[in-house]
Enquirer: 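Okay, here's the structure, questions in a sec.
Given the structure is predicted, the values throughout are model-derived calculations rather than measurements. Residue numbers begin at 1 in each chain, while the letters A, B, ... track the order of the sequences.
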Number of protein chains: 2
Amino acid sequence: MPPARPDSAPAATPAMRGAHATIHDVARVAGVSVASVSRVFNGRDHVRAEMRRRVEEAAAQLGYVPHAGARSLSMARTGAIGVVLPDLHGEFFSELLRGMDREASARRLGLLLTVLHDGRGLDTLAALRGQVDGLVVMAPELDPDVLARYMPRGLAAVFLACAPQVGSLNMRIDNRAGAAAAVAHLAAGGAKRIVHISGPAGNLDAQERRAGAEAAAAEAGATLSVIEGDFLEASGTMVGERVAAGTLAADAIFAANDMMAIGALVALKRHGVAVPEQVAVAGFDDIPLARLVSPALTSVAIDIAAMGARAVAQLAAQIAGAREASSGEASTGADEVIVPHLMVRETTRETDRG
Amino acid sequence: MPPARPDSAPAATPAMRGAHATIHDVARVAGVSVASVSRVFNGRDHVRAEMRRRVEEAAAQLGYVPHAGARSLSMARTGAIGVVLPDLHGEFFSELLRGMDREASARRLGLLLTVLHDGRGLDTLAALRGQVDGLVVMAPELDPDVLARYMPRGLAAVFLACAPQVGSLNMRIDNRAGAAAAVAHLAAGGAKRIVHISGPAGNLDAQERRAGAEAAAAEAGATLSVIEGDFLEASGTMVGERVAAGTLAADAIFAANDMMAIGALVALKRHGVAVPEQVAVAGFDDIPLARLVSPALTSVAIDIAAMGARAVAQLAAQIAGAREASSGEASTGADEVIVPHLMVRETTRETDRG
DNA sequence: CTGAAAGCGCTTACAG
DNA sequence: CTGAAAGCGCTTACAG
C-alpha cells in the first residue's frame with residue numbers, strides 16, 4: 001500500500017475499503033478530535049464521561065483497534081523483547097522459552113524469536129531495532145567481537161551463556177564447577193577411565209565443561225579421554241556403541257549435555273551393557289527427560305526455566321531504567337553466575353554418605 | 001521520550017545523545033536527501049555509485065541502522081508473524097516452534113510468540129495489529145466464537161487444531177482416526193478393558209480423541225472407561241498407580257497424549273506391572289521422547305514440526321496474496337487435514353501380520 | 001477537559 | 001538519477 005492514496009475515492013474510509021479503521025475514522029464518527037480518542041484509549045488523562053461514551057461507541061461500531069506499530073513509533077516503546085537463540089533442538093530451549101514466557105507474559109511483553117542457524121541470521125539482529133525494546137541473546141558459539149559488531153547499538157540487552165560482553169549484563173552458567181562435580185562423583189563411584197563426550201569445539205559452554213571435567217579427573221587420578229560431539233543424541237549413540245563394542249575402554253561416560261548422555265545410555269543398554277554396573281553415565285542440563293529414561297540419568301542440573309525468567313526480568317529492569325534515565329546508557333547490574341548442582345540418579349553409583 | 005524534543009539543544013543529533021542515528025542524520029552527513037539514503041538502503045531504484053558510496057560511508061560512520069518500526073509503518077509490512085499458543089509445556093510445542101522457525105527463517109520472517117495462559121492473554125491478540133503481518137493460532141480449548149471476537153479483523157490467519165473458523169484457513173489433525181487406530185491396535189493385541197486417559201473436557205483435540213477411542217472400542221467389543229486428565233504427566237501417573245493398585249481394572253491404557261502415557265508407564269513399571277504383558281500402553285503425538293522411554297512407547301504420530309512449517313508457509317502465501325490483491329480479502333485456500341499414523345513400539349503387543 | 005499541530009522515522013509517487 | 005513533500009497511524013506538550 002503506497003503511503004498516499006491518490007487513486008482511491010476520497011470519500012472511501014479505510015473501514016469501507018476492508019482495511020482497518022484508524023483513529024481518524026473513530027474521531028470523525030464520534031465527532032471529536034483524534035487527541036481525545038487517543039486519551040480515551042490510553043486512559044491516563046481525564047476525559048468526560050460523555051466523551052468517553054461517544055468514542056467507545058464509535059470505536060465499537062467501526063471495530064477499531066489501535067495500530068501497535070504506529071503506537072510504538074510514537075511512544076518509542078514496542079512492548080516486545082527479542083530472544084536470540086542458537087537453535088531450537090531439544091528440551092533445553094523449550095524450557096528456556098517457557099521460563100521467558102512466564103516472566104514476559106506477567107509483564108505483558110511479547111517475545112520475538114530469532115534463531116541463529118549456525119551464524120546465518122546474524123544480520124537480522126540489527127533489523128530488530130524499532131521492533132523490540134531489548135534483547136536476550138544466547139549465542140554460545142559466537143565470537144564475542146563478531147556478536148558485538150552485529151548488535152544494534154543502544155538497545156538494552158542481556159547475554160545468556162555467551163562469552164561476556166563488556167558493558168552489558170551477562171548471565172553465565174558455572175560450567176566448570178558443574179562438570180567437575182559430575183566427574184568427581186563418577187570417580188568417587190570407582191570410575192578410572194572416563195570418556196567425556198564434549199560439545200562442539202567452538203562452543204563456550206562445551207569448552208568450559210570440558211575444562212572442568214579435565215581438572216576433576218586429574219584431581220581424582222582418573223583418566224579422561226575426550227570425544228567431540230555436537231550436543232545431539234546421535235553423537236552420544238556413537239560413543240555408546242564404541243564402548244559396548246570394546247573399541248573404546250571406559251567405565252564411565254560424562255556427556256556435555258543430556259541428549260548425548262541419553263544417546264550413549266540407550267546404545268549401551270541395547271548392547272547389553274549394564275548401567276551403572278559396567279559403565280556409569282552422567283549428563284548435563286537435567287532436562288525433564290533425564291528422570292524419565294531408565295535407568296534415570298544422573299545430570300548436572302540448572303533450573304533452565306528460572307534462568308530464562310531471570311534473564312527477562314533483568315532485561316525489563318534495564319529497559320525501565322533506560323526509560324527513566326531517559327538519555328543514554330541504562331545501568332546494567334552486575335553479572336550473574338548460575339551455579340548448577342548435581343542430581344544423582346540411577347545411572348551412577350551412589351557414593352557413601354556420612 | 002516525548003515526540004518533540006523542545007528541551008534538548010537544537011544542535012544535538014540523536015547520535016550525540018547516545019540514541020540511534022536516524023535517516024536524517026545520515027542524509028545530513030552525506031549531504032544528500034533522505035530519499036536517497038532510503039534508496040541506497042533499499043536498493044531497488046538505481047542510484048549513482050558516488051551517491052551510494054557517500055551514503056554508505058556516512059551510515060557506517062554514524063552506525064546507522066534503519067528503524068524497523070518506522071519502516072513497517074510506512075510499508076504496511078512488519079516482517080513478523082504472530083504465533084498464538086495455548087501453553088509451552090512439553091515437547092509438543094517445542095517441536096511445533098522448531099518447524100515454524102524453519103519455515104519462517106527461510107522466509108526471513110520473525111516469530112512473535114503470544115501464549116494464552118488458560119484464556120488470559122486473549123486481549124493482547126488485538127494489540128498485535130500493526131505488529132505482525134499475520135497470525136498462526138492454536139487454541140484447542142477456546143470457543144470459536146470467543147476466539148473470533150478477539151481476532152484482529154482483516155489480519156491474515158491460519159488456525160491450527162482449533163474449532164474451525166469460517167472464512168479462514170484451518171489445519172486440523174484427524175484425531176478421531178488416530179485415536180481409533182490406537183484403540184483398534186490395543187484390542188487386536190488382546191485388550192478387553194481399556195482405560196482412556198482423556199484431555200481436559202473443554203479441549204477439542206481431547207474430545208475428538210475420546211470419540212475416536214470410544215468408537216473403536218465399541219467396534220472391537222472392548223470396554224472403554226474414561227478418566228479425565230489434563231495432558232500433564234501427573235494425571236497419567238495417577239491412573240498408572242490406580243491400575244497397579246488394582247483399584248482400576250485395565251489390560252490396556254490409551255492416553256490422549258504422550259506425557260500422560262509416559263506418566264502411566266513409569267508408574268506401572270515402578271509398581272512392578274509388566275508392560276505390555278500385563279498392561280499395554282499407547283499415547284498420542286509421538287514426541288521425540290516416546291522412543292526414548294523404555295519400553296519405547298507406542299504412539300499416534302503426527303509430524304509436528306512439519307505441521308508447524310506448513311502453517312507458516314500457508315500463512316505466508318495468504319499474506320502475499322492479500323498484498324497482491326491489495327484491497328481486502330486474501331483467498332484462503334482449502335482447509336487441510338493432517339492424517340496421523342500409528343507408531344507401534346514396545347509398550348503394546350505387536351499383532352500378527354500376514 | 002479538549003483540539004490543533006508537531007513529531008516519531010521511515011517510504012514513495014511526483015516532478016524535475 | 002535526485003529532492004521536496006506527503007503520508008503511514010499514532011501520542012503528547014501546548015494553549016485554550
Enquirer: Compare all side-chain heavy atoms of A/V32 with those of A/M51 and state whether any distance is below 4.5 angstrom.
Expert: yes

Enquirer: Decide whether A/Q131 and B/Q131 meet the rule of one side-chain donor and one side-chain acceptor closer than 3.5 Å.
Expert: no

Enquirer: Of B/V47 and A/V65, whose closest DNA chain D nucleotide lies nearer the 5' terminus?
Expert: B/V47

Enquirer: Would you find more than 12 non-hydrogen atoms of other residues, nucleotides or ligands less than 6.0 Å from B/R107 atom CZ?
Expert: yes

Enquirer: Expressed in angstrom and rounded to an integer, what is the separation of B/Q131 atom CD from D/dC10 atom P?
Expert: 13 Å

Enquirer: Between the side-chain atoms of B/R39 and the base atoms of D/dG3, is any donor-acceptor pair under 3.5 Å?
Expert: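 Present.
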
Enquirer: Among D/dG3, D/dC10, C/dA4, find the nucleotide with the atom closest to the side chain of A/Y64.
Expert: D/dC10

Enquirer: Grab the CG-C1' distance between A/L73 and D/dT11 for me, whole Å please.
Expert: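 The answer, rounded to whole Å, is 10 Å.
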
Enquirer: Closest-nucleotide mapping onto DNA chain C: is A/H46 or A/V34 further toward the 5' terminus? I mean the 5' end.
Expert: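 Counting from the 5' end, the first nearest nucleotide belongs to A/H46.
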
Enquirer: Once you round it to whole Å, what is the distance between P of C/dC10 and CZ of B/R77?
Expert: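 Result: 17 Å.
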
Enquirer: Quick check on D/dG3: is either OP1 or OP2 less than 4.0 Å from any side-chain nitrogen or oxygen of B/S36?
Expert: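 True: B/S36 side-chain N/O within range (under 4.0 Å) of D/dG3 OP1/OP2.
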
Enquirer: From NE2 of A/H24 over to P of D/dT11, roughly how many Å is that when rounded to an integer?
Expert: 11 Å

Enquirer: Where does DNA chain C pair, written as one dot-bracket string 5' to 3', with Watson-Crick or G-U pairs under 3.5 Å, ( ) inside the strand, [ ] for crossing pairs and | for another strand?
Expert: |||.||||||||.|||

Enquirer: Rounding to an integer number of Å, can you tell me how far A/I23 CD1 sits from C/dA4 P?
Expert: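 Roughly 13 Å, once rounded to whole Å.
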
Enquirer: What is the distance from CZ of B/R71 to P of C/dT11, rounded to the nearest Å?
Expert: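 Whole-Å distance recorded here is 5 Å.
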
Enquirer: Could you work out which one of C/dC10, D/dG3, D/dC1 sits closest to the side chain of B/V32?
Expert: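 The nucleotide sitting nearest to the side chain is D/dG3.
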
Enquirer: Exactly one of A/L96, A/D101, A/L113, A/V312 should register a side chain to side chain contact (heavy atoms under 4.5 Å, CB included) with A/V83. Which one does?
Expert: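 In the set A/L96, A/D101, A/L113, A/V312, the residue that makes a side chain to side chain contact (heavy atoms under 4.5 Å, CB included) with A/V83 is A/L113.
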
Enquirer: Please check the phosphate of D/dG9 (OP1 and OP2 only) for any side-chain N or O of A/T22 closer than 4.0 Å.
Expert: no

Enquirer: Checking side-chain hydrogen bond (donor to acceptor under 3.5 Å, both in side chains) against B/E57, which of B/Q61, B/R53, B/R54 comes through?
Expert: B/R53

Enquirer: For the pair made of CZ in A/F41 and P in D/dC10, what is the distance, rounded to whole Å?
Expert: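 For the pair A/F41 CZ and D/dC10 P, the rounded distance is 9 Å.
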
Enquirer: Using the C1' atoms only, state how far D/dG16 lies from D/dT12, rounded to an integer number of Å.
Expert: 16 Å

Enquirer: For A/H67 and D/dC10, is the shortest distance between a side-chain N/O and OP1 or OP2 below 4.0 Å?
Expert: no

Enquirer: Kindly give the heavy-atom pair with the smallest separation between A/A157 and A/M151, and that separation in Å.
Expert: CB-CE, 3.7 Å

Enquirer: State whether a side-chain donor-acceptor pair under 3.5 Å links B/H117 with A/S105.
Expert: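 Distance-only check passes for B/H117 and A/S105.
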
Enquirer: If the cut-off is 4.0 Å, is A/S74 near the phosphate of C/dC8, judged by side-chain N/O to OP1 or OP2?
Expert: no

Enquirer: Using atom CZ of B/R129 as one end and atom P of D/dC8 as the other, report the distance to the nearest whole Å.
Expert: 13 Å

Enquirer: For the side chain of A/D335 and the backbone of A/M171, is there at least one donor-acceptor N/O pair under 3.5 Å apart?
Expert: no

